[in-house]
Amino acid sequence: MIEKSLAQPAHQSTTRIERGRDLYTEHADEIRFDEVDKVWLVPSQHEATSVYEVALGRRGESCECADFEYRGESCKHIVAATLARAKSTTCSCCGKRVPWKFVTEVQEDDGLLSWFPGDVLCSDCVCGGFWA
Ligand SMILES: [Zn+2]
Ligand SMILES: [Zn+2]
């Protein structure tokens with residue numbers, strides 16, 4: 001018999017969170033972090049050509065979409081960007097934001113000169129020979 005999880009979903013805005021999760025699931029590979037403007041670029045779920053700029057700053061979150069503008073609450077793009085941020089990290093070498101699944105974490109027994117255990121390197125840096 002499987003016990004029910006104790007974690008119950010929050011009651012408020014469950015649908016927006018679910019839509020954000022769907023958006024993330026469907027477009028995870030297209031969500032990018034703009035290093036220059038420090039914003040997340042989240043594609044629109046329905047129009048392939050639209051991209052929303054989402055800011056996840058210390059002063060709060062914001063999105064360009066009408067939903068956020070009118071309600072001032074976290075929209076699905078903010079939810080998707082928050083997920084993308086949680087599932088990505090910064091490469092210890094080039095400083096680019098990369099999804100965790102595409103980085104290699106330096107292990108204690110790798111014996112590398114330039115990196116400490118726990119440093120993470122993106123595939124570009126690993127393949128580019130910075131892994132030494
Ligand atoms: Zn939005
Ligand atoms: Zn890198």
Side-chain angles (χ1 to χ4, degrees):
M1 185 178 145
I2 300 162
E3 281 191 43
K4 259 195 174 172
S5 165
L6 290 173
Q8 297 292 331
H11 284 296
Q12 14 88 335
S13 351
T14 304
T15 51
R16 198 164 288 126
I17 290 171
E18 280 170 2
R19 274 154 60 202
R21 284 176 172 271
D22 286 350
L23 179 61
Y24 176 79
T25 311
E26 288 165 29
H27 296 278
D29 294 342
E30 295 153 59
I31 299 174
R32 292 189 300 113
F33 184 66
D34 187 315
E35 308 284 340
V36 179
D37 295 326
K38 306 289 177 209
V39 290
W40 290 88
L41 303 173
V42 180
S44 160
Q45 196 161 18
H46 303 296
E47 297 159 61
T49 51
S50 311
V51 172
Y52 294 106
E53 284 188 12
V54 176
L56 300 176
R58 284 191 209 102
R59 295 178 185 192
E61 304 154 337
S62 70
C63 178
E64 293 184 310
C65 76
D67 193 31
F68 180 81
E69 207 169 295
Y70 292 127
R71 290 175 222 261
E73 290 172 20
S74 295
C75 59
K76 59 184 175 183
H77 311 108
I78 289 177
V79 174
T82 304
L83 278 167
R85 182 175 64 177
K87 293 181 189 300
S88 65
T89 185
T90 308
C91 173
S92 302
C93 179
C94 65
K96 256 195 295 191
R97 195 92 205 171
V98 235
W100 273 106
K101 59 180 175 180
F102 295 129
V103 296
T104 306
E105 193 169 343
V106 177
Q107 305 295 323
E108 194 86 51
D109 53 7
D110 282 336
L112 301 171
L113 286 178
S114 320
W115 309 104
F116 292 107
D119 280 350
V120 290
L121 298 175
C122 74
S123 51
D124 285 351
C125 292
V126 171
C127 300
F130 294 102
W131 178 265

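Counting convention: from 1, in listed order, for ligands and their atoms alike. One-based numbering along the sequence shown.
Remark: at the Zn ion (ligand 2), atom SG from Cys91 and atom SG from Cys122 enclose 110°, rounded to the nearest 10 degrees. Angle subtended at the Zn ion (ligand 1) by Cys63 SG and Cys65 SG: 110°, rounded to 10 degrees.
Residue Cys94 counts as close to the Zn ion (ligand 2), with an N, O or S atom under 2.8 Å.
In terms of distance to the Zn ion (ligand 1), the nearest N, O or S atom of His77 is named ND1.
With contacts defined as side-chain heavy-atom distances shorter than 4.5 Å, the pair Arg85/Leu56 qualifies. Contact of the Glu53 side chain with the Leu41 side chain is registered, since non-hydrogen atoms from C-beta on lie closer than 4.5 Å.
Taking a cutoff of 4.0 Å between a charged side-chain nitrogen and a carboxylate oxygen, Arg71 and Asp67 qualify as a salt bridge. Looking at Arg97 and Glu35, no side-chain N of the basic residue comes within less than 4.0 Å of a carboxylate O on the acidic one, giving no salt bridge.
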